[in-house]
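Here is how names work: the chains are called A, B, and so on, in the same order as the sequence lines, proteins then strands, and each is numbered from 1.
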Number of protein chains: 2
Amino acid sequence: MSLNSYIRPGDNPDLTEEREKGIFPTNEMTQVIHGRELSERRKQLTAYIERSPALHDAGEQAFMTREEKYEDASRKMAEIFKKIKEIGSAPGEESFAHIVNEVIGIDGHPLALQQIMFIPSLLGQADEALLAKFGDRAKRGEIIGTYAQTEMGHGTNLRFLETTAHFDKATQEFIINSPTTSSIKWWPGNLGKSSNYAIVAAQLFLDGKKMGPHNFLVQLRDEKTHMPMKGVMVGDIGPKFSYNTTDNGFLKLDHVRIPRSQMLMRHAKVQPDGTYVKPPHAKIGYAAMVHVRAYMIRSQAHFLALATTIAIRYSATRRQGEIKPGAGEVKILDYQTQQHRLFPQIARTYAYYFAGSEVLALYKKTLEMIKEGDVTLMADLHAVTSGMKAVVSFEVGQGVEQCRMACGGHGYSAASRFPEIYGVQIGGVTYEGENMVMLLQLARYLMKAAEQAKKGEKLSPLTEYLNKKNGKSQLCANSANNAQYLIEAFEHIARRLVLRAFDRMNSLRQKGLSKEDAWQANAVEMNRASRAHTRLFIARAFYNRLHTNKVDDKRIHQVLTDLCFLFLNYELLDMSHYLLEDNYMSADQIGVIRESVYNQLKKIRPNAVSLVDSYDISDRELRSVLGRRDGNVYENLLKWAKANPLNKEEVLPGFAKHLQPMMERARENSKL
Amino acid sequence: MSLNSYIRPGDNPDLTEEREKGIFPTNEMTQVIHGRELSERRKQLTAYIERSPALHDAGEQAFMTREEKYEDASRKMAEIFKKIKEIGSAPGEESFAHIVNEVIGIDGHPLALQQIMFIPSLLGQADEALLAKFGDRAKRGEIIGTYAQTEMGHGTNLRFLETTAHFDKATQEFIINSPTTSSIKWWPGNLGKSSNYAIVAAQLFLDGKKMGPHNFLVQLRDEKTHMPMKGVMVGDIGPKFSYNTTDNGFLKLDHVRIPRSQMLMRHAKVQPDGTYVKPPHAKIGYAAMVHVRAYMIRSQAHFLALATTIAIRYSATRRQGEIKPGAGEVKILDYQTQQHRLFPQIARTYAYYFAGSEVLALYKKTLEMIKEGDVTLMADLHAVTSGMKAVVSFEVGQGVEQCRMACGGHGYSAASRFPEIYGVQIGGVTYEGENMVMLLQLARYLMKAAEQAKKGEKLSPLTEYLNKKNGKSQLCANSANNAQYLIEAFEHIARRLVLRAFDRMNSLRQKGLSKEDAWQANAVEMNRASRAHTRLFIARAFYNRLHTNKVDDKRIHQVLTDLCFLFLNYELLDMSHYLLEDNYMSADQIGVIRESVYNQLKKIRPNAVSLVDSYDISDRELRSVLGRRDGNVYENLLKWAKANPLNKEEVLPGFAKHLQPMMERARENSKL
């Protein structure tokens, strides 16, 4: 029996051939990627969904209008709610994301923000009374809520949000108001057409005194009729790059009154007499903020998993060009250029999955410690999630596009699903903290660490490499793929960039720049340092997954080691100028790294298909003609194309109306 | 009076402030970019279109379905044909592209392939009789044609096209046939629903002997009814990343017979007795192939012009965050990170415009020489267009995305128009020759040149840098922005990479690899060489535009010099590892380059808006709420959003059908 469990009769023989070449058991690799428990649960859910036609797409999503997509997602989400007990996974549980991916897709659905933001915010920030009143109603689906923070004029700089919440002592109400066009809430998911409630961030005013942004629960629409409440102007913000199933919305509030009890008062409070009670810890809100970012890394990895699955499988079935004249056309996966495009993307997928798990572990540990009143890990967590969110979302975007372009023309078709994957994924560079801002937040942490390092102080495990000595790298041709040397090279780069940015900042200060101006003039250098630091974190996470966490199966260990070395060498080559600048490495040593990349490509080649199969992404989830498990691409591409709306009529109405008469006129004129 | 001619009353004052800062006359810069004649013609056409409501969009394109987009493009193209004499520009003329950009947009239209491929192919390849019969009919719009070469299974490797054309001597006909699913023609623009004729590439068979791919004119649809002819299965291939106004199509031919005269026989011929007559020059077909590539560079530059116009104008009106606490929020264009994202993209836009003009000049010169029977420039032209097409299309894609991401959330909205610009532009990495293949074609030329260089032979002006000696760079802090040193650095990189790839190939051969296997194992290195060679070409073109071609106005010369130095330093920093590897430059010299980039950003800052205004892109062409000339973004964003189809009804039918009942059920259940 083959070690690859994805072989079926009737498959494209080119793909079966690849699967038979794999040297490791794919099922066990799946457990390394997703964890044993979740892997099994995913398979159960896939089987359940498979035998539940009510949970299947009503048609090809790529052919639907926004309204049709919205309706189909609504139908399926309502269906999930009907069967939630039978299914056995609920929103908030890790396996629920798999249900959404298979049943709905990645383009959003009407209850997404309810599940990701509205309920968690109530749980984390509402006081007992408000939670009792609305928390369970939301969980049961009696109401639909979202979280409205971003405004048309302000996303990043929350301190300058313009929406106001004035407390009216006489009536014990807050008056929520959008005073300007730029103050209109803009972007919140499901705000446009789905939600009847929203948690609204607004500047709290007490007796005319501005107290900064706080959160308030506001009813937007009548629970029965779903018509907007008095003073509420609400709607959808229009089509976007992707997420077009989602009704991102706008909201203008015209002096809308809500009872005092609808301020989210678990931490900060306003008492009936208008007295303000501060939250116990200033950083208490941070944990909620990093929540989504902490989970984003693995979901970004999963986007790259979708893309590499499609590109690798397709490249193993597409034949184009002869390498040896007369020997027949080869699989495009056999070209070095194709391998060099795609295999590093497989390596990054695994790296981001593993690093994402490390971030989640840190997040969970930090939450536990916070419960005990210990906030020491907060700064580390905030720094790590900021950097990871920025670096991974951007690099996954580049990776998805490399995968798409590696599939030539067919990659450009919606039949490949690449356009949707890229559109959705790349949203991640902007939402939950714009990447440049994220990198600068990490830089702030790194500049502090650099200062401590210069003083010889003890550093957090995440930055203690700053205290190591620089030397020359020991890497040589005989010691190629020495993991210690390679990780040291990552450390060298990060150390060099962090300390260089720190020194440059000081020298700008010495030239007379103010602290703020020096920070501005040094921003690009600091972002470079943040990227290098984060790439070191990822490299270590991949390496640690192989060594600190044991991988028992020797075949799995071998393939992951190959993949890890591809990753380490590829990333170092990409940053090689920092290795050369102060002769930490010579050109010959860079040559060793470069040749290692080529050698690793050859090692990965026979395992490429099994490596992407191991993500265990079903055809239902993948929704890609090019990436089908069975590899039967061409006949299904034709079937897909024939079904598209433009082929409903032989002659398009627009053609008959304008171009047929144009041709007639031209023929008449030429007869004259 | 201001030097910037785009200031109007009622504009956003933040944008007016920027325009007043510009130190050069925008109108004259426009003439440097587009040429004097075309600049003036563009303005006339813009004014004509402005006063012709029949040529305006029927509504917001981003809100339309594919069918609606198709209808609106058909309507406007038929209108253009009606008024073609009045307009005074016809397809094929340079100013016609401007008409299409303003009236139709960039997403394609039903007569695009007729104009770009069908008519030019008839002109270039049909014999007199066929041209007389169909050429004028096509020009007058009596018929609509396209060019059908790519098949489902073969795009790059034309030798393996599967469509067959057997000559039947008895009836003096060719029998055109699609024998397999993968042989179905796939992708040709306007093939799906618009064209009634196509030039079809097929393997010619004479008495059973395969003669390679040739072109044949096939009627696809009845001229009156537009219904497919007997034996013709034709349709649209479905939605894509972009170009959704275009009906890219599929075509399956079932033994369709055409008269012998419908083979395109200007070069190769089949005589009535079945005798094959070879074309006089083997490379005669090349000129047509490079035609589109030669024009692509400037049109890719124009995509980046659209993107930088939007991003720069928006960044000058968007205020977010304080640099000095209490000093008020600043324009995001004031952040170094934002400048570092955007200004190099302005520099690249100018570089690609200028380099594109050089490519076009080379193309025109080559065509003239070919007419005289001199094909000496063909190899150079083919090499230059291959490399430029690959490098520019990819880098423009990255640039457009940087522009989009630099606009945060609003950049992600279709209101920005970035999603469409990226989707359309990035198609260019795939069509007209997949980029990896293009780079390898240039590499073949470079490897030959390297061999000649090693032998000390004389080289073409494009590669004679290979014969220069390596030395150390003379660049130092006092000579920063010495153009000679910077261009020499580009030459050094290209020389190093070309010769390294050449040596590596030889060493692979010496290790026993066959010629083909060594080529394969060296492909990534050769592509790196091709990129470096092309980036040198672009750098020189920018520099030459300033010096060889005179720019008379001193203010224009100053700003372009600043922009050119930003370009040169930015590109070199991006390739700095190749400068460091053999100590051609020291880390200190790289530091000089790095600091030069930061200094140039400061110099560009006051001219940024005027630099993008100078592209002279009208609001009608730009179709972007964020990029509007007047900078009044927020109120128009709201207007745009309100008009989108999802806001036609307060309660979406999909919501009423599925989610209202879900909430009702939940409320009922909780009462139990």
Indicate the ring-plane relationship of B/H410 and A/W186, choosing parallel, tilted or perpendicular according to the 30° and 60° boundaries. perpendicular
Side chains of A/E329 and B/H154 only: does a donor on one sit below 3.5 Å from an acceptor on the other? yes
What is the minimum heavy-atom distance between B/M152 and A/R318, and which atoms define it? O-NH1, 2.7 Å
Can a salt bridge be assigned to the pair A/E668 and B/R140 using a cut-off of 4.0 Å between side-chain N and carboxylate O? no
Cut-off 4.5 Å, heavy atoms of chain B, and the answer for A/N644 is side chain
Please step through side chain to side chain contact (heavy atoms under 4.5 Å, CB included) for the pair A/V651 and B/K193, ending with a clear verdict. CA-CA 7 Å; A/V651 182; B/K193 312 301 286 187; over 6 Å; no
Looking at A/E322 and B/R159, does any basic side-chain N land under 4.0 Å from a carboxylate oxygen? yes
Is the shortest side-chain N to carboxylate O distance from B/E420 to A/K240 below 4.0 Å? no
Whether A/K648 and B/E67 form a salt bridge (side-chain N of Lys/Arg under 4.0 Å from carboxylate O of Asp/Glu) is what I want to check. no
Smallest heavy-atom separation, B/T337 atom then A/M436 atom, equals CB-SD, 4.1 Å
About how many Å separate CG of A/L580 and CG of B/L580, when rounded to the nearest 0.5 Å? 5.5 Å
Where does B/N196 contact chain A at under 4.5 Å (heavy atoms): side chain, backbone, both or neither? side chain
Relative to the ring of A/Y243, is the ring of B/Y412 parallel (under 30°), tilted (30 to 60°) or perpendicular (over 60°)? tilted
Run B/E71 and A/F655 through side chain to side chain contact (heavy atoms under 4.5 Å, CB included) and show every step you take. CA-CA 7 Å; B/E71 166 158 3; A/F655 186 89; over 6 Å; no
